[in-house]
Amino acid sequence: MSERHVIDPITRIEGHLRVEIEVENGHVKDAWSSGTLWRGFEVFLKGRDPRDAWFITQRVCGVCTEVHALASVKCVEDAIGIKIPDNARLIRNLIHGAQYLHDHIVHFYHLHALDWVDVVSALKADPKKTSELANSVNPNAPKSGPGDFKVTQDKLKKFVNAGQLGPLTNGYWGHPAYKLPPEANLMAVSHYLDALALQSRVARLHAIFGAKNPHIQTYLVGGVTCVNDLNADRIGEFIGILEETKSFVDNVYIPDILAVAPFYLEWAGIGGGLKNYLSYGMFPQKGGEEPGNLWFPRGYIKNRDLTQVYPVDVSKIEEEVTHSWYKYAKDAPLHPSVGETDPWYTGI
Amino acid sequence: MCRVKKEYSLKTVEDRLGILESLDRREFLNFCAKITATLGLASAFIPKVAKAIEQGARKPSVIWLHFAECTADSEAFIRSTYPSTEELLLNILSVDYHETLMAASGEAAEGALKSAMAENKGKYLAVCEGAIPMATPPGPAGVPGGYLTLAGKTGIELAREVLKDAAAVICVGTCSSFGGVQAQRPNPTGAVGVEEATGIATLKIPGCPHNVINSVATIVNYLLLGSLPATDKHGRPLFAFGKRVHDQCQRRAHFDAGQFVEKFGDEAAKQGWCLYKVGCKGPQTYHNCPLVEYNDGCSWPVKGGHPCAGCSEPQFWDNMQPFYERLPDIHLPGVEASADKVGFTLVGGAAVGVAAHAAYTFANRKKFDGTLKDE
Amino acid sequence: MSGRLGVFESGETYLVVRTRPLVACFLHWVLFLSIVVLTITGYYIGDPEFYYGQGEAYQAFAMAEMRLYHLYASWAMAFVLVSRFYLAFTESCNHDIKQFLPTPKNIVNAVKLAIYFVTLRGEGAHYRFINPLGGIGIFMMAVFMLTQTITGISLYSAGTGAGSLWWVLGSPIDSLLEGQQNVRLIHHLVMYFLMFVILIHVYMQVWKNSVFTESDISSIIAGYKIFPLSQIGHFADYYGLRLTEDAPAKKRMDEVSTAREKDE
Ligand code: HEM
Ligand code: HEM
Ligand code: SF4
């Protein structure tokens, strides 16, 4: 016997997602996912000044802010054959790299962690043992004395005892799928809070050369505008925050992954999709033409085999509408450059 | 403007001081000073602000709704430094429903929403992020508002349900305030701001995304006085939107001096001159960016050398485009051109017509009625 | 309103008609000046070119000056607009408000005139005061100037902050047009509309002045027009004295001649 479940909304993501699953004998047999919001960027981008396109496109997502802006501004530059100055390339790489940093930390701690970390179980942890655990995964771990974890635990206690659970309301606390021992949970909660404070510092990396975060505002078809920020002060601050972040990643984030992973090893086999992955590459290096000069090279891999990277032929990319709420004039897939955008809602 | 239910007093029974003990006292007062300044209050108010935050008995319940948006306003909100985001989310507010942050999903999330609404009926703050699409999508399942569904309900249904029992509704970001990016021409989903969609008065903190200091200051004002701050005609708090960007801008002296960036990357840009000629919308925009800046006072667009885009103004996506031109283009049936082009055509046409008429008169000078001439 | 008669050197009798008091002439040239200043400074405000502040920002005031002169000139323009409007109801200006309004009668006559001016065929009626075509042109000017005043006040109010008098006046326009950007757009665009009408106005005055006698530019400099008496029968306007129906004209002509003789 199989039963169907609907999970709507899926939380801790950007956007609105609904997933329907068919469960048989405790295993998911089939699943359907739908994005339940349509805004029509393809429609209202038409007819706009191409210089404005990146500004509009950036609003696709505010969690992974900047990335759509960069893609769009590069498209326009490519279309009219602009080569940007070398300083602009560097600034863009810095801003984009900062986004990697920020996004990974936020995704790991604030968007994903609550799926592995039982916050309530952290109340049962022994701060002393937590400290030992933290030091065993990383002898250099900052803020890892028993007192540090006691502070977090006390905070948590007060919070829970006050009776208003806020964002933790109705969590799946105590569910057997949570595998971490209380000490690991306490450590993770502690780092969740540290990361919460840190991410707002990391975002400042964007503000230094990008004027603000989320949604930077110094890109420009042809380069960047932040000439005035290319001074020792700004660069120094950038380096400072970068080092602070690097130290967090090295001493907290990666050790956390290593500490948590062993408990969820079987998850590693779930959800690889088709197991083929595509990257357009990123971070142009000095000289040379894209995509040849990209630091993260462009290519795709087949069946999770990292030993072979195949070249991407962008002309072969096609958009299908069979499983989406769109309709094409003809029933054949189209290259995005000639794609059509005709919503056709057939219901969930 | 805003509907605040008076019976909701924050100063009841329990004492929240205990919860706040964990907060470093100096940091806390620092935050209070900053908020007091943002609100435009005298420094004598700092202790009052501190007290307001400390002495509220129960943390006000916040229900944060996401409609047609990009989540940048949630992201902006968690960039708070004073108070720290942790403080804000855990101790100052009780954020009972927030899709980007909450642990629960699906039915459990819906349950959290229902119980927050039931337990705090008439007392919760509803924070809205994102516009509400009102149009009917084409196709067999199209219903009004069907471009957005949450837990099977359309966005507008959810909004009506949640907002009707809120003590106050705060819109963060330009989308929930005025429709935002998706509402620009041709507005394919019929997106409008929350107030327009539901008819319920809202306090609006626009910006793309909004500046967290303004939302926090609004919340503090609410905790302090039990009411929302005074607003302008668009429902934006005056403390943040009472003055033009242009009138607070660090580059204003260059505007008055007539020193302009002509082209990005020129010498003037390096000198930090005024961005008026490359499309700055500061003169048309009410916002406190130059004063408070973003990311804990780090920068703001003009400081970063980029023209202000006017993101806190209603319908700025249509009105302020092209972003690198001073004036918008004229969009009329049959006319798609810049104002200068229309003007030059008109005046040039008249000049040509006049010249033609003069030549014509000269050629036909014999035909004039001689009797009328002053010979 | 009466005319005065005189005799040209050639011996032909002429009629002097006071078309407007000197103060109206004065207003016209104040208006002319203010519009010139407004257009130059307004254009500069819209697209600052040719004039840039030199030196440090605190030493230079190029844009500030332009805006200041724009505001001075706008006061002058608004003053003329109001006072000339008032004069249009007085005896001294022949109650000429009727000439400026696009009444059906004026429109019909204006179209006839326009056809005549372009084809030099058809009915070429002549008017002592402002002709219906010019009247409609001036009406358009007035509408545009009013638009500029209203949008200009709104632009000005934007910097004054909520609560000021200008704010009270300017803010509704801002709401009506959905924001300052559109107010600016209209203000900018209507400048061209004004330039359009003024260009035609100036041309027509010069053209008529060189082709006909009826519309001496003296009419706007000194406030009178001079017509040879032989043409008076052709006047088509219906304001003021109908001299052709007025026999005493002859009598007055004699008076003038006697006066002339005495002078000599
Ligand atoms: C009472 C009448 C008027 C007032 C109060 C007025 C006021 C203003 C103000 C306040 C500005 C904005 C300056 C700034 O904030 O930087 C402005 C701009 C301007 N004005 Fe006027 N003005 C008036 C009449 C006119 C007229 C008659 C013209 C043209 C014939 C004109 C042409 C312009 C132009 C072209 C701009 C620049 C608009 C833009 O592109 O942004 N103004 N005016
Ligand atoms: C060199 C430039 C100009 C010349 C030669 C000129 C000439 C004249 C003349 C001859 C008249 C009288 C028309 C008649 O009685 O039939 C007149 C009236 C008028 N003109 Fe101009 N004009 C000039 C510029 C302007 C400008 C720049 C404006 C600005 C808006 C303007 C506005 C008016 C108005 C409002 C009237 C009617 C007012 C009245 O009768 O007192 N003129 N003009
Ligand atoms: S940069 Fe923009 S806001 Fe600043 S003075 Fe110039 S026009 Fe005004």
Measuring heavy-atom distances to chain B, does A:His112 have an atom under 4.5 Å in its side chain, in its backbone, in both, or in neither? neither
Identify the two heavy atoms, one from A:Phe159 and one from B:Leu90, that lie closest to each other, and give their separation to 0.1 Å. CE1-O, 3.2 Å
Is the closest side-chain donor-acceptor distance between A:Gln199 and B:Arg79 under 3.5 Å? yes
Applying a strict 4.5 Å limit to non-hydrogen atoms, the region of A:Leu37 in contact with chain B is both
For B:Glu75 against A:Gly62, the heavy-atom pair lying closest together: CG-O, 3.5 Å
Compare all side-chain heavy atoms of A:Phe41 with those of B:Val181 and state whether any distance is below 4.5 angstrom. yes
Highest number of heavy-atom pairs under 4.5 Å with chain A: which of B:Ala131, B:Gly180, B:Ala68? B:Ala68
Counting heavy-atom pairs under 4.5 angstrom with chain B, the leader among A:Val227, A:Val106, A:Ile208 is A:Val227
Return the option, out of B:Ile78, B:Asn295, B:Val278, with the maximum number of heavy-atom pairs under 4.5 Å with chain A. B:Asn295
Is there side-chain contact between B:Pro209 and A:Pro214, with heavy atoms separated by less than 4.5 Å? yes
For B:Leu150, does its backbone N or O pair with a side-chain atom of A:Arg18 as donor and acceptor, under 3.5 Å? no
Under a 4.5 Å heavy-atom cut-off, does chain B meet the side chain of A:Phe209, its backbone, both or neither? neither
When you compare the side chain of A:His16 with that of B:Thr149, does any pair of heavy atoms fall below 4.5 Å? no
With a 4.5 angstrom heavy-atom cut-off, is it the side chain or the backbone of B:Ala309 that approaches chain A, or both, or neither? both
Side-chain contact test, heavy atoms from C-beta onward, threshold under 4.5 Å: evaluate it for A:Cys61 versus B:Thr71 and give yes or no. no
Return the option, out of A:Lys46, A:Gln58, A:His206, A:His102, with the maximum number of heavy-atom pairs under 4.5 Å with chain B. A:His102
Sort B:Cys308 into side chain, backbone, both or neither according to what part of it lies under 4.5 angstrom from a heavy atom of chain A. backbone
Value rounded to 0.5 Å, distance of CG in B:Leu101 from CG in A:Leu114: 9.0 Å
So, for A:Phe55 and B:Trp317, is the gap between ring centers shorter than 6.0 Å? yes
I need the residue from B:Glu119, B:His66, B:Arg185, B:Gln271 with the largest number of non-hydrogen atom pairs under 4.5 Å to chain A. B:Arg185
Only counting residues at least two apart or in another chain, list the ones meeting side chain to side chain contact (heavy atoms under 4.5 Å, CB included) with A:Val151. A:Lys155
Nearest heavy-atom approach of B:Ser80 to A:Ser200 is O-OG, 3.8 Å
Do the side chains of A:Glu14 and B:Glu69 get nearer than 4.5 Å, heavy atoms only? yes
CZ-CG distance between A:Phe44 and B:Asn187, expressed to the nearest 0.5 angstrom: 8.5 Å
Salt bridge (Lys or Arg N to Asp or Glu O under 4.0 Å) against B:Asp296, all qualifying residues, sequence neighbours excluded: B:Lys34
The reported gap from OH in B:Tyr294 to CZ in A:Arg204 (rounded to nearest 0.5 angstrom) is 15.0 Å
Scanning both residues in full, the closest heavy-atom pair of A:Pro343 with B:Pro138 reads O-CG, 3.0 Å
Among B:Cys289, B:Gly155, B:Ser94, which residue forms the greatest number of heavy-atom pairs with chain A at distances under 4.5 Å? B:Ser94
What residue in A:Gly15, A:Ala88, A:Pro167 has the most heavy-atom pairs under 4.5 Å with chain B? A:Pro167
Interface moiety of A:Trp325 toward chain B, non-hydrogen atoms closer than 4.5 Å: neither
Using atom types as modelled and distance alone, determine if a side-chain donor or acceptor of A:Asn228 lies under 3.5 Å from a backbone N or O of B:Gly305. no
Spell out, as yes or no, whether a donor-acceptor pair under 3.5 Å connects the side chain of A:Asn170 to the backbone of B:Ala109. no
Between B:Ala191 and chain A, which part of the residue has a heavy atom less than 4.5 Å away: side chain, backbone, both or neither? neither
Looking only at heavy atoms and a cut-off of under 4.5 Å, which of A:Val63, A:Ile13, A:Ile7 has the most pairs with chain B? A:Val63
Separation between OG1 (B:Thr81) and CZ (A:Arg201), nearest 0.5 Å, reads 9.5 Å
Within this structure, what is the NZ-OG1 distance for the pair B:Lys303 and A:Thr218, rounded to the nearest 0.5 Å? 13.5 Å
Before giving the answer on side chain to side chain contact (heavy atoms under 4.5 Å, CB included), spell out for A:Cys226 and B:His306 the whole-Å C-alpha distance, their side-chain angles and the decisive distance to 0.1 Å. CA-CA 7 Å; A:Cys226 55; B:His306 193 281; over 6 Å; no
Between A:Asn213 and chain B, with a heavy-atom cut-off of 4.5 Å, which part of the residue counts as in contact: side chain, backbone, both or neither? both
Counting only heavy atoms not in B:Glu107 (residues, nucleotides, ligands), do more than 12 fall under 6.0 Å from its CD? no
Do B:Ser105 side-chain atoms and A:Thr11 backbone N/O form a donor-acceptor pair below 3.5 Å? yes
Report yes if some heavy atom in the side chain of B:Cys208 is under 4.5 Å from a heavy atom in the side chain of A:Gln217; otherwise report no. no
If one checks every heavy atom of B:Glu110 against chain A at 4.5 Å, the contacting part turns out to be side chain
Side chains of A:Arg39 and B:Pro133, heavy atoms from C-beta outward: is any pair under 4.5 Å? no
In this structure, are over 12 heavy atoms from other groups packed under 6.0 Å from A:Lys150 atom NZ? no
Leading residue by heavy atom contact count with chain B [cutoff under 4.5 Å; candidates A:Thr346, A:Asp49, A:Leu17]: A:Thr346
Nearest non-hydrogen partners of A:Ile56 and B:Gln321, listed with the distance: CD1-NE2, 3.5 Å
Between B:Phe264, B:Trp64, B:Tyr324, the one whose heavy-atom pairs under 4.5 Å with chain A are most numerous: B:Tyr324
Considering only heavy atoms, which portion of B:Tyr97 lies under 4.5 Å from any heavy atom of chain A: side chain, backbone, both, or neither? side chain
Rounded to the nearest 0.5 Å, how far apart are CG of A:Asp52 and CD of B:Glu325? 9.0 Å
Measure distances from B:His98 to the heavy atoms of chain A and classify the residue's part below 4.5 Å as side chain, backbone, both or neither. neither
Would you mind checking which part of A:Ala203 comes under 4.5 Å of any heavy atom in chain B, side chain (CB onward), backbone (N, CA, C, O), both or neither? both
Can you tell whether the side chains of B:Asp318 and A:Arg48 come within less than 4.0 Å, N to carboxylate O? yes
Best-contacting candidate, A:Val60, A:Val202, A:Leu193, against chain B by heavy atom pairs under 4.5 angstrom: A:Leu193
Evaluate the side-chain proximity of B:Leu148 to A:Trp38: yes if any heavy-atom separation is below 4.5 Å, no if none is. no
